[in-house]
Amino acid sequence: MKSKNTKIPVKTYLSEKEMPTSWYNVRADMKEKHPPFIHPGELRPCTAEDLYPVFCKELVSQELNQTDKLIPIPDGILDFYKMFRPSPLIRAYSLEKYLDTPAEIYYKFEGNNTSGSHKLNSAVAQVFYAKQEGLTSLTTETGAGQWGTALSMACAYYDMDLTVFMVKVSSEQKPYRKAVMETYGAKVIPSPSSTTASGRSILASDPTTNGSLGCAISEAIELAVTRDKCRYVLGSVLDHVILHQSVIGLESKIALEKYGIVPDIIIGCAGGGSNFGGLISPFMGDKLNSKNSTRFIAIEPASCPSMTRGKYAYDFGDTGRTTPLIKMYTLGCGFMPAANHAGGLRYHGMSPIISKLYHDGHIEARSYIQTDVFEAAKSFLRTEGILPAPESAHAIKGAIDEALACKANGTKKTILFGLTGTGYFDLAAYASYDASTMTDYVPTDEDLIPGFASLIPFKE
Ligand SMILES: *Cc1c(COP(=O)(O)O)cnc(C)c1O
């Protein structure tokens, strides 16, 4: 066991001069790219023209750019970033002490903005480009509410109209999220709703549904393509979102390099894969070029296990089956996750980039039940002082397990994890954990059958 490096400050912030001025596109360093989107009607690879009715042009070009390693961040976005970035890289001394582990634990904290999560990194970029193109309104979906809040903030700043379809169960669990979005000026509609054809059809087949991200996406896309100067924006899954989120990994890498540290293990929670993808991107680029031997671990909820129990297949991104087909790890677009408390992790699929890296063996994946996740969250908030989002607590649990493994076998590893956000809107979940009324739902193999049956039999 090596001695611990205790000279490192608790918090490291980059100066303005040290902050990244380009995003890093990990696809440029992937020898094998992920398979292309497939046009759902014509079953051929999608072109940029196919995507223009849905997404603004610059985002389409970023989505399809697999070759440029560095994509400059425009000044208008850097200006907004400076209002809430850099985010701190924190050495978890108290947690290390509590765990009595030889491991060094670091976390990158993305919760220091009103939206309370990393989602603002991409929201700002997406609204900036939409404004530049002359669009006047945007639509989106939100699960737990963090993405809708981040986008509401960005739309307020750039003066853009916004309609948010919020998964019904979340809008009931988190009424204050809705209030924040409305205060920023967004229109919030619980989904499924009767305002769209796809919403009405989902309601007709299941009037008491809790809703899902997949349903809300269908509604948001429908509104975007039927309204003038309106486009749809998505807070996760897509390659351009991971590109924007690379700012998390880039800042972390610059900060760690000051101390000569290369993490042995990097851990993130994975819903659609954006924070995890952004955090690992620059380190993964080095790994793919044989410059480090870092392990990457994605953590998902046992109730929505797209990587650990899903299939690597072409699937729709939404329940209404309107999006291009995406090759990804998926539980099937018809999968309806149980109403667990990590709303931001309840998506049936996974980013195509993360899916490909996982399929090729560059990433490990693991799932945890929610009571174990909340136990980890509690240890963390009692030692490090931050109330984590339930989503983020999946990464905390992963980091704690790795640190305890170091203790058990007497090895000193450097662990970096992504603390994606804060849990102030999740106190009902914490209360339920404290009262021991929280239950764990893990789907049986049988429960997963209907989701898999919803996969279309498309072969490459
Ligand atoms: C949305 C969200 C996640 C999950 O989304 P990814 O795209 O997988 O990063 C995780 N943590 C928080 C706090 C979120 O808001």
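Rounded to the nearest 0.5 Å, atoms OG (Ser22) and CG (Asp68) are 10.5 Å apart. For the atom pair CD1 of Ile299 and SG of Cys269, the computed distance is 9.0 Å after rounding to the nearest 0.5 Å. To the nearest 0.5 Å, atom NE2 of residue His240 and atom CD of residue Gln245 are 10.5 Å apart.
With respect to the salt-bridge test (charged N to carboxylate O, under 4.0 angstrom), the residues Lys108 and Glu251 qualify. One finds no salt bridge joining Asp264 and Lys412 here, because no Lys/Arg side-chain nitrogen approaches an Asp/Glu carboxylate oxygen to under 4.0 Å.
Counting only distance, with no hydrogens or angles, the side chain of Asn5 and the backbone of Lys7 share a donor-acceptor pair below 3.5 Å. For the pair His348 (side chain) and Phe316 (backbone), a donor-acceptor distance under 3.5 Å is present. In this structure, the side chain of Lys119 does not engage the main chain of Gly145 through any donor-acceptor pair within 3.5 Å. Of the possible polar contacts, none joining the Lys356 side chain to the Pro35 backbone as a donor-acceptor pair under 3.5 Å is found. Counting only distance, with no hydrogens or angles, the side chain of Ser432 and the backbone of Ala428 share no donor-acceptor pair below 3.5 Å. Within the 3.5 Å criterion, the main-chain N or O of Ile71 finds no donor-acceptor partner in the side chain of Asn25.
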Exercise. Please lay out, stage by stage, how Asn112 and Arg85 fare under the test side-chain contact (heavy atoms from CB on, under 4.5 Å).
Key: CA-CA 9 Å; Asn112 269 339; Arg85 308 202 67 81; over 6 Å; no
Self-check item: Test log, rule side-chain contact (heavy atoms from CB on, under 4.5 Å), inputs Leu162 and Val127
Solution: CA-CA 10 Å; Leu162 173 65; Val127 181; over 6 Å; no
Practice problem: Walk me through it: do Tyr259 and Tyr106 pass the test ring-ring contact (aromatic ring centres under 6.0 Å, His included)? | Solution: CA-CA 12 Å; Tyr259 312 117; Tyr106 296 82; 7.6 Å; no
Quiz item: Taking it one step at a time, do Tyr107 and Glu384 satisfy side-chain contact (heavy atoms from CB on, under 4.5 Å)?
Solution: CA-CA 11 Å; Tyr107 57 97; Glu384 292 292 316; 3.0 Å; yes
Exercise. Report the C-alpha separation of Asp426 and Phe374 in whole Å, then their side-chain angles, then the decisive distance to 0.1 Å, and conclude whether the side-chain contact (heavy atoms from CB on, under 4.5 Å) test is met.
Key: CA-CA 11 Å; Asp426 302 282; Phe374 275 81; 5.9 Å; no
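Not a single salt bridge (charged side-chain N to carboxylate O under 4.0 Å, His left out) links Asp447 to another residue, sequence neighbours left out.
Counting heavy atoms from C-beta outward, Glu364 and Arg295 have side chains that approach closer than 4.5 Å. The shortest distance between side-chain heavy atoms of Ile363 and Ile280 falls below 4.5 Å. Using a 4.5 Å cut-off on side-chain heavy atoms (C-beta onward), Val169 and Arg346 make contact. Side-chain contact between Ile217 and Ile221: present, with at least one pair of heavy atoms (C-beta onward) separated by less than 4.5 Å. Using a 4.5 Å heavy-atom threshold, the side chains of Thr383 and Leu99 count as separate. For the pair Phe109 and Ser87, the minimum side-chain heavy-atom distance is 4.5 Å or more. When side chains are defined from C-beta on, Tyr424 does not count as touching Tyr176, because their heavy atoms never get closer than 4.5 Å.
A centroid separation of 6.0 Å or more is found between the aromatic rings of Phe276 and Tyr358.
Note: Tyr312 and Tyr329 have parallel aromatic rings, judged against thresholds of 30 and 60 degrees for the angle between ring planes. The aromatic rings of Tyr158 and Phe128 sit perpendicular to each other, their planes meeting at more than 60°, with 30° as the lower class boundary. Between Phe84 and Phe80, the ring-plane angle classifies as perpendicular under the 30° and 60° cut-offs.
With hydrogens and angles left out, the side-chain atoms of Arg177 and Thr149 include a donor and acceptor closer than 3.5 Å. Side chain to side chain, His244 and Gln62 meet the donor-acceptor criterion of an N or O pair below 3.5 Å. Between the side chains of Asn121 and Glu110, a donor-acceptor pair is found at a separation under 3.5 Å. A donor-acceptor contact closer than 3.5 angstrom links the side chains of Glu300 and Thr308. With hydrogens and angles left out, the side-chain atoms of Gln370 and Tyr441 include no donor and acceptor closer than 3.5 Å. Judged purely by distance below 3.5 Å, without hydrogens or angles, the side chains of Ser392 and Thr420 pair a donor atom with an acceptor atom.
Shown here is Tyr98, whose OH atom has no more than 12 heavy atoms of other residues, nucleotides or ligands within 6.0 Å. Annotation: Lys31, atom NZ; neighbour count of heavy atoms from other residues, nucleotides and ligands within 6.0 Å is above 12. Other residues, nucleotides and ligands contribute at most 12 non-hydrogen atoms within 6.0 Å of the NZ atom of Lys11.
Taking the ring centre of Phe296 as origin, the terminal cationic atom of Lys287 falls outside the region bounded by 6.0 Å and 45° from the ring axis.
Taking both residues in full, the closest heavy atoms of Ile242 and Ser351 are given as CD1-OG, 3.2 Å, listed atom of the first, atom of the second, then distance.
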